[in-house]
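Here the structure comes first, spelled out in structure tokens, and everything after it is commentary.
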2 protein chains.
Amino acid sequence: MGIVERKERQRKEVRDSILHAAWQIVHDDGWQTLSIRKIADAIEYSVPVVYDHFENKEAILSEFNRQGFKLLGDRLKEAKDKHPKAAIQLEAIAIAYWDFAFGNKEYYQLMYGLGMPTCESLNSVPELSAFIGVIYSTIEELIKEGNNKTAEPWLKVHSFWSMIHGLVSINLLSTQPAHLGLTPDEFNKTILKDFTKGFLKGLAE
Amino acid sequence: MGIVERKERQRKEVRDSILHAAWQIVHDDGWQTLSIRKIADAIEYSVPVVYDHFENKEAILSEFNRQGFKLLGDRLKEAKDKHPKAAIQLEAIAIAYWDFAFGNKEYYQLMYGLGMPTCESLNSVPELSAFIGVIYSTIEELIKEGNNKTAEPWLKVHSFWSMIHGLVSINLLSTQPAHLGLTPDEFNKTILKDFTKGFLKGLAE
DNA sequence: TACCTTTACTAACGCTGTTAGGAAAAAATA
DNA sequence: TATTTTTTCCTAACAGCGTTAGTAAAGGTA
């Protein structure tokens with residue numbers, strides 16, 4: 001008699017409906033508004049039932065976190081496998097990464113812990129343009145000095161800023177283990193200098 | 001008679017004490033635990049007093065957001081002004097940026113909206129290493145093909161990943177305006193390709 | 001039918017941001 | 001100085017949150 005099987009099946013159905021409802025809420029109103037009570041309401045069960053399937057709210061988020069990285073990995077692999085040469089593969093990976101992030105903002109935000117309280121900002125902070133200005137003026141100067149006069153300063157500024165911010169934020173989210181016998185700080189400053197070197201070469205042509 | 005002046009001074013004192021208390025809480029236990037009640041408790045006033053000085057919690061965070069960008073801008077300017085040549089200035093800026101971020105984690109996290117619910121992770125997600133693997137294998141292949149055999153794949157992987165993530169997350173936080181007559185998407189994909197090109201050059205030596 | 005296990009509920013605890021309304025203190029006026 | 005007005009500040013509440021203890025009902029077993 002398949003009683004236990006049916007029970008297991010029903011259990012899984014409820015679990016899936018929790019994830020489905022959660023995703024709907026996140027999709028509609030963002031991670032910040034996701035709550036256990038809303039999920040319970042959506043699946044037409046009481047609150048403690050949710051806790052029979054997930055230890056706590058974080059466990060639900062973890063599930064999506066995993067899904068997100070799985071999906072991203074798959075997309076990168078797909079993009080890579082479309083081309084035979086590694087050089088072209090790398091660009092395809094970059095584009096695929098970009099498309100994933102913007103085609104699945106909810107996933108990406110969760111995966112990298114984006115989306116804190118004051119996130120509307122960035123645009124509305126006057127101090128931001130002042131700090132960008134420091135980078136801008138330096139790069140402007142470099143273009144003036146170099147041979148690559150057609151280089152677009154804004155483009156280069158964004159590239160430079162992005163690189164550093166990416167490096168920083170990845171390291172702020174997870175404490176990297178030691179690589180190559182270097183401390184994480186040494187390792188990352190090596191990346192920083194390596195990148196700056198390549199960046200300068202791109203400006204000097 | 002300086003009654004209004006004294007009142008204004010006292011008002012400012014309370015306002016400052018709110019910010020001071022808030023900063024202490026954030027420094028001790030992180031942004032996630034900051035609450036109006038805790039602030040009120042720390043300044044030995046009741047909750048509504050806080051609302052006499054800040055419209056809401058976000059206004060307090062905005063204040064620190066501004067401070068953060070101001071401080072970052074100043075640090076970058078300092079670093080820049082220590083050197084005469086733009087090329088060296090740029091590296092100094094990169095290092096100063098890094099040092100600011102890790103010397104002022106609280107500011108940086110707020111400024112870039114880092115620090116969501118499931119942020120312990122990144123390390124504990126098995127799917128992450130799978131997705132990194134796709135990038136790793138491609139770069140490994142490129143090093144094998146190129147002339148720069150001593151290039152460190154891990155270093156390059158982190159550099160590549162950081163660049164894309166930085167670009168993505170900055171664009172997810174704020175919708176960039178159109179630059180150079182390109183849509184933001186076009187603009188950023190140009191950066192992406194430009195960066196990939198330079199990156200490849202660095203691998204080929 | 002009597003028993004036991006599973007399932008799902010109500011109700012609570014201690015938090016959160018935010019605000020309405022009233023008491024007390026300070027200042028201004030008479 | 002006494003009275004009135006204004007400012008200051010607090011208590012208490014609303015509505016929401018994650019989480020859990022304790023209980024009633026339903027399902028399966030003997």
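First the proteins, then the strands, lettered A, B, ... as listed; each starts at 1.
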What is the minimum heavy-atom distance between [X] and [Y], and which atoms define it?
X	Y	value
B/S162	A/L167	OG-CD1, 3.1 Å
A/K38	A/T33	NZ-O, 2.9 Å
A/L76	A/A96	CD2-CB, 4.0 Å
A/V47	A/R37	CG2-CG, 3.8 Å

Taking atom [atom2] of [N] as reference, at what distance in whole Å does atom [atom1] of [X] sit?
X	N	atom1	atom2	answer
B/Y51	C/dT16	OH	P	11 Å
A/K57	C/dC15	NZ	C1'	14 Å
B/E8	D/dT7	CD	P	13 Å
B/N56	C/dT18	CG	C1'	9 Å
B/Q32	D/dC17	CD	P	17 Å
B/I36	C/dT19	CD1	C1'	13 Å

Below 4.0 angstrom, which residues in residues 37-50 of chain B have at least one non-hydrogen atom near DNA chain D?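 Result for residues 37-50 of chain B: B/R37, B/Y45, B/S46, B/P48, B/V49, sorted by number.
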Please report the C-alpha distance between B/E152 and A/I191 in whole Å, then the side-chain angles of each, then the deciding distance to 0.1 Å, and finally whether the side chain to side chain contact (heavy atoms under 4.5 Å, CB included) criterion is met. CA-CA 10 Å; B/E152 228 302 311; A/I191 294 181; over 6 Å; no
In residues 10-22 of chain B, which ones come under 4.0 Å of DNA chain C, going by heavy atoms?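 None, since no heavy atom is under 4.0 Å.
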Among A/W23, A/F69, A/W31, the one residue meeting ring pair (Phe, Tyr, Trp, His ring centres under 6.0 Å) with A/Y107: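 When A/W23, A/F69, A/W31 are each tested with A/Y107, the ring pair (Phe, Tyr, Trp, His ring centres under 6.0 Å) holds only for A/W23.
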Between A/D74 and A/K70, is the closest basic N to carboxylate O distance under 4.0 Å?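 Counted as a salt bridge, because a side-chain N and a carboxylate O are separated by less than 4.0 Å.
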Lys/Arg-Asp/Glu bridge criterion (N-O < 4.0 Å) met for A/K189, B/D99: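 So A/K189 pairs with B/D99 through a salt bridge.
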Nearest to the side chain of B/D52 - D/dC9, C/dG17, D/dC17?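 The answer is D/dC9, which lies nearest to the side chain.
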Return the 5'-most residue of the pair B/K7, B/E55 with respect to DNA chain C, ranking by each residue's nearest nucleotide.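 Of the two residues, B/E55 wins.
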Using five pairs at either end of the helix from C/dT1-D/dA30 to C/dA30-D/dT1, determine the angle between the two local helix axes and round it to 10 degrees.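 Its terminal axes enclose an angle near 30°.
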Students often mix this up, so state it plainly: with edges at 30° and 60°, are the rings of B/Y108 and B/Y97 parallel, tilted or perpendicular?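 If you compare the ring of B/Y108 with that of B/Y97, the planes turn out perpendicular.
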Does A/L34 or B/H53 map to a spot on DNA chain D nearer the 5' end, using the closest nucleotide for each?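 Closest to the 5' end, via its nearest nucleotide, is B/H53.
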For side chain to side chain contact (heavy atoms under 4.5 Å, CB included), just list the numbers for A/L34 and A/I39, CA-CA rounded to whole Å, side-chain angles, deciding distance to a tenth of an Å, and then say yes or no. CA-CA 8 Å; A/L34 181 65; A/I39 294 174; 3.9 Å; yes
Would B/F187 and A/W154 satisfy ring pair (Phe, Tyr, Trp, His ring centres under 6.0 Å), going step by step from the backbone distance to the final call? CA-CA 10 Å; B/F187 180 79; A/W154 265 117; 7.8 Å; no
